[in-house]
Amino acid sequence: MASTALAEETPKAAGATDLAPSARSAILMDADTGTVIFEKNSHDQLPPASITKIMTMLLTIEAIDSGKLKLTDKVRTSEYAASMGGSQIFLEPGEEMTVDDMLKGIAMASGNDASVAMAEKIAGSEEAFVQLMNERAKELGMKDTHFANCNGLPVENHYSSAHDIALMSRELLKHSGITKYTGAYQDYLRKDTEKPFWLVNTNKLVRFYSGADGLKTGYTSEAKFCLSATAMKDGLRTVAVVLGEPNTKTRNAEVSSMFDYAFGQYTMKPLYKAGDQLGSLKIEKGEVAELPLTATQNYSVLMRKGAKSDEFRHELLMAKEVKAPIKAGQSIGKLVVYQGNEVIKEFDIQAPQDVNKAGWWKLFKRTTSNLFD
């Protein structure tokens, strides 16, 4: 995933405080780095309704990536999972569906039954799965959140915030395959059976807003109308979250306005593309004396349209002395981006590979070689 930085003042400082006037809470964020473009009561702890399922999908996708699950694995529906009310795909006790179909049912139809069936498949019980949800929330820095179930049905002590929902939305979007589910407008379950079930995405923006491909709607009488949405244009991916909207029309209109603001006011200035040479790092007493550094991702600056690109500069600051051994992923320096004389972003640069300490014979040969050189 690309890394970006925000240049210029944030819209909240520029007077863009009316982007979501009807929402109880809202946030607009650059998806790559989590840079906040606009926010309103973004840390208020509120019922998230079915937006909860973003965490359910995240843990499912992570289980797939780790090899614990396959998309073709069958998930059996328990009596408890089949008993869920509200939005559902009408799973019957004992019915089996693939993980792939369960994800469709969760992402598009907001299936409460599919969410519980998936939770039981991964953790053995919904209770154990909810524990995993809260642990993952803590790892992501979601300080305004506590989950009490996996689907967002009304229950005591179940809350989140627009800010935290944006954090878990960003994390889910790191798994590029998820938008195949969240961005589809319609599909079928049980297609070749006597009881085909037509899925229509509860998030109408994926059809009516160009570039929108997710993520999750939510509604309960307490939470009102909620949405965590994402859209991408010209290399810029944004996440917009609104909670407590009065109706779907207002919810969709205000999120569309947030997207319009981001895409209309901001653009991307690339610094490095993945694969570009960044420089090299000298390693003291390492098996290799020098380590070439290559950009493992795209580095960009999010800048206001109309800003002068020559106002920006960047420099690579490496540690002066790095001694072996070093581990892949170890922090070895930073890429610093300036606007004028002000630092607007620092990117951590990590070692691309392990470098073990050299043996005495190799060090001796290197020393003598340097003497002759």
Side-chain angles (χ1 to χ4, degrees), residues 1-20 26-40 42 54 162-163 165-180 182-183 203 205-216 227-242 252-276 295-314 335 337-339 344-348:
M1 177 163 284
S3 285
T4 59
L6 176 66
E8 291 284 306
E9 77 279 11
T10 60
K12 42 192 175 173
T17 54
D18 58 348
L19 288 177
I27 196 166
L28 177 62
M29 188 180 277
D30 161 38
D32 288 331
T33 62
T35 303
V36 175
I37 299 173
F38 160 79
E39 61 184 338
K40 170 187 174 182
S42 67
I54 289 175
H163 176 269
I165 288 165
L167 290 185
M168 67 176 177
S169 298
R170 288 183 58 223
E171 194 67 22
L172 183 60
L173 285 165
K174 290 179 181 178
H175 304 269
S176 56
I178 194 62
T179 54
K180 180 183 89 169
T182 62
N203 178 12
L205 290 182
V206 301
R207 182 178 182 183
F208 296 111
Y209 192 94
S210 177
D213 52 5
L215 277 168
K216 192 70 200 70
L227 177 60
S228 178
T230 184
M232 187 170 184
K233 280 186 183 178
D234 301 324
L236 171 60
R237 178 174 284 284
T238 57
V239 170
V241 180
V242 290
N252 293 347
E254 293 194 351
V255 167
S256 296
S257 294
M258 291 164 78
F259 285 153
D260 288 345
Y261 183 87
F263 298 131
Q265 297 295 316
Y266 289 87
T267 187
M268 305 299 292
K269 173 182 169 58
L271 303 175
Y272 290 104
K273 293 179 182 177
D276 285 353
T296 55
Q297 58 190 29
N298 297 331
Y299 291 101
S300 304
V301 174
L302 182 65
M303 58 183 285
R304 274 189 177 277
K305 290 182 177 179
K308 296 178 181 177
S309 59
D310 59 6
E311 292 178 3
F312 303 95
R313 60 186 176 86
H314 58 274
L335 176 64
V337 185
Y338 300 88
Q339 182 178 11
I344 60 169
K345 186 66 181 181
E346 293 183 356
F347 298 107
D348 187 41

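Values in this document were obtained by computation on a predicted structure and should not be read as measured data.
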Rounded at 0.5 Å granularity, tell me how far [atom1] in [X] sits from [atom2] in [Y].
X      : Y      : atom1 : atom2 : answer
Leu19  : Glu39  : CG    : CD    : 12.0 Å
Ile165 : Ser42  : CD1   : OG    : 11.0 Å
Asp18  : Glu254 : CG    : CD    : 9.5 Å
Ile37  : Tyr261 : CD1   : OH    : 8.5 Å
Ile54  : Leu172 : CD1   : CG    : 6.5 Å
Tyr338 : Glu346 : OH    : CD    : 7.5 Å

Looking at Ala20 and Met258, what are the two nearest heavy atoms and their distance?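 In terms of heavy atoms, the two residues are closest at CB-SD, 4.3 Å.
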What are the two closest heavy atoms between Gly214 and Val206, and how far apart are they?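 It is N-CG1, 3.6 Å.
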Taking atom types as modelled and ignoring hydrogens, do the side chains of Tyr209 and Asp260 form a donor-acceptor contact shorter than 3.5 angstrom?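 Tyr209 vs Asp260: donor-acceptor pair found between side chains.
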Main-chain N/O of Val241 paired to Ser228 side chain as donor or acceptor, under 3.5 Å: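 Not at all, since once roles are kept as given, no pair shorter than 3.5 Å links the two residues.
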Lys269 side chain vs Met303 backbone, donor-acceptor pair below 3.5 Å: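 Pair absent, no side-chain N/O of Lys269 close to backbone of Met303.
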Please work out whether the ring planes of Tyr272 and Tyr299 are parallel, tilted or perpendicular, with thresholds of 30° and 60°.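 Ring orientation of Tyr272 relative to Tyr299: perpendicular.
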Using the side chain to side chain contact (heavy atoms under 4.5 Å, CB included) rule, pick out the option among Asn298, Leu236, Asp234, Val301 that qualifies with Met268.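 Per the side chain to side chain contact (heavy atoms under 4.5 Å, CB included) rule, the option paired with Met268 is Leu236, out of Asn298, Leu236, Asp234, Val301.
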Determine, stepwise, if the pair Leu173 / Thr179 fulfils side-chain contact (heavy atoms from CB on, under 4.5 Å). CA-CA 8 Å; Leu173 285 165; Thr179 54; 4.0 Å; yes
Quick one: do Phe263 and Thr238 satisfy side-chain contact (heavy atoms from CB on, under 4.5 Å)? Show the steps, please. CA-CA 9 Å; Phe263 298 131; Thr238 57; 3.7 Å; yes
Begin with the C-alpha distance, continue with both residues' side-chain angles, and end with the deciding distance and a verdict on side-chain contact (heavy atoms from CB on, under 4.5 Å) for Lys305 and Tyr266. CA-CA 5 Å; Lys305 290 182 177 179; Tyr266 289 87; 5.8 Å; no
Thr230 pairs by side chain to side chain donor-acceptor pair (under 3.5 Å) with which of Arg170, Lys216, Arg237?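 It is Arg237, the one option of Arg170, Lys216, Arg237 that forms the side chain to side chain donor-acceptor pair (under 3.5 Å) with Thr230.
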Taking the side chain as every heavy atom from C-beta outward, state whether Leu215 and Asn203 have any pair of such atoms under 4.5 Å apart.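 Result no, sub-4.5 Å side-chain heavy-atom pair not found.
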Identify, with sequence neighbours excluded, every residue that meets side chain to side chain contact (heavy atoms under 4.5 Å, CB included) alongside Asp348.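 Partners of Asp348 under the side chain to side chain contact (heavy atoms under 4.5 Å, CB included) test: Ser331, Gln350.
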